[in-house]
Q: 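Got a structure for you, written out below as structure tokens; questions coming shortly.
Computed from heavy atoms alone, side chains included, the values below leave out hydrogens, waters and symmetry copies. The sequence lines fix the lettering, A, B, ..., with proteins before strands; numbering per chain opens at 1.
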2 protein chains.
Amino acid sequence: MSRGGLTIEGIDRLIHEPARLIVMTILNAVESADFLYLQRETGLTKGNLSAHLAKLDAEGYITIEKTYKGKIPLTICRLSEAGRIAFGRYRAEWEKFMKKTRLKRA
Amino acid sequence: MSRGGLTIEGIDRLIHEPARLIVMTILNAVESADFLYLQRETGLTKGNLSAHLAKLDAEGYITIEKTYKGKIPLTICRLSEAGRIAFGRYRAEWEKFMKKTRLKRA
DNA sequence: TATATATGGTTTGTGACACAGACCAGTTTG
DNA sequence: CAAACTGGTCTGTGTCACAAACCATATATA
């Protein structure tokens, strides 16, 4: 099966998922954000957001720090260096691909 | 649950899927393509490609014409007008979103 | 005539995933 | 004490991407 000329090999599907892309985008902008802030910004449910964060954490794209605000638990997320690199790469690859889609029509 | 400011509502997930995005991109460029040509170009397996085409067809984004080349079956795919519009919209929405991701870092 | 091999796909099985709702632990308020 | 809020995690469910198996037909080959 010869590989086609128009593959998307460089696309990181972990980031490609819209929900996670939003999270990555926010974290890239704000440097650190707590769980509820992310929930408000993204509009995701707690469960969904929690799962996405866990996935990004497992991949090493973000760090999750569990701490306390007074006596109340507080989860703080940050983009890791690896995450920052992956995010940059994703945008570059995507940009590259999207340029190709602008081919003249037949 | 108040909606966040950074949603991706305009993103058509049917098109967002990389495999289908490639198919749409090809069809947008070539005007018509048969099954095996698409398979070669995309590098997808038959089954996978078949499923993706069915999905695009169900949504009305492409038309599938089953005909014969001599005595051998031949499936020809074309982007429908709706598909062309949706594809254009997708690219525009995506461009818009990606611009927002370029926010200055904290 | 058997049989192998290619063409052009569709159907089926499976594992991963997105999503929301139920649940839980601790805290503050009445 | 009870109710309600905060800050999350765990669980169940439906959907999906993917490849392998299968099917129907056509052509080559021995």
Q: Quickly work out the L49(A) CG to dA18(C) P distance and round it to whole Å.
A: 13 Å
Q: For G47(A) and P73(A), find the nucleotide of DNA chain D closest to each by heavy atoms; which residue's nucleotide sits nearer the 5' end?
A: P73(A)
Q: Identify, between K69(B) and L14(A), the residue whose nearest nucleotide on DNA chain C lies closer to the 5' end.
A: K69(B)
Q: Within this structure, what is the NZ-to-C1' distance between K55(B) and dA17(D), rounded to whole angstrom?
A: 7 Å
Q: Strictly below 4.0 Å: does N48(B) bring a side-chain N or O up to OP1 or OP2 of dA17(D)?
A: no
Q: Tell me: CD of Q39(B) to C1' of dG8(C), nearest whole Å?
A: 9 Å
Q: When the distance from CG of L44(A) to P of dT9(D) is rounded to whole Å, what number comes out?
A: 14 Å
Q: Starting the side chain at C-beta, find the nucleotide from dT10(C), dA17(D), dG7(D) nearest to K66(B).
A: dT10(C)
Q: Would you indicate whether the side-chain heavy atoms of I11(B) and F97(B) approach each other to under 4.5 Å?
A: no
Q: Distance from L21(A) atom CG to L14(A) atom CG, nearest 0.5 Å?
A: 11.0 Å
Q: Of the options dC19(C), dG8(C), dT27(C), whose atoms approach the side-chain atoms of I72(A) most closely?
A: dT27(C)
Q: Closest approach to the side chain of S50(B), judged atom by atom: which nucleotide of dC16(D), dT11(C), dA19(D) is it?
A: dT11(C)
Q: With no hydrogens and no angle check, just 3.5 Å: does a side-chain donor-acceptor pair link H52(A) and N48(A)?
A: yes
Q: Output the rounded distance in Å from CG (L53(B)) to C1' (dA17(D)).
A: 14 Å
Q: The side chain of L36(A) is closest to which nucleotide in this list: dA19(D), dG7(D), dT9(D)?
A: dG7(D)
Q: Phosphate oxygens OP1/OP2 of dC16(D): is one of them under 4.0 Å from a side-chain N or O of R13(B)?
A: no
Q: Tell me what L74(A) touches on the nucleic acid: a base, only sugar-phosphate, or nothing, going by heavy atoms under 4.0 Å.
A: sugar-phosphate
Q: Rounded to whole Å, how long is the line connecting atom NE2 of H16(A) with atom C1' of dA17(D)?
A: 13 Å
Q: Side chain of F35(B): nearest nucleotide among dT9(D), dT10(C), dA17(D)?
A: dT10(C)
Q: Check R20(B) with E59(B), please: is the shortest side-chain N to carboxylate O separation under 4.0 Å?
A: no
Q: Nearest to the side chain of H52(B), which nucleotide is it out of dA17(D), dC17(C), dT28(C)?
A: dA17(D)
Q: Can you figure out which of dA18(C), dG8(D), dG8(C) approaches the side chain of K46(B) most closely?
A: dG8(C)
Q: Answer yes or no: does a side-chain N or O of K71(B) lie under 4.0 Å from OP1 or OP2 of dA24(D)?
A: no
Q: Using whole Å, report how far OH of Y68(A) lies from C1' of dT6(D).
A: 12 Å
Q: Just by modelled atom types, is the H16(B) backbone N or O under 3.5 Å from a matching donor or acceptor in the H16(A) side chain?
A: yes
Q: Is R78(B) salt-bridged to E31(B), cutoff N-O under 4.0 Å?
A: no
Q: Give the nucleotide from the list dG7(D), dC19(C), dT10(C) with an atom nearest to the side chain of E17(A).
A: dC19(C)
Q: Given atom CG of L56(B) and atom C1' of dA17(D), what is their separation to the nearest angstrom?
A: 13 Å
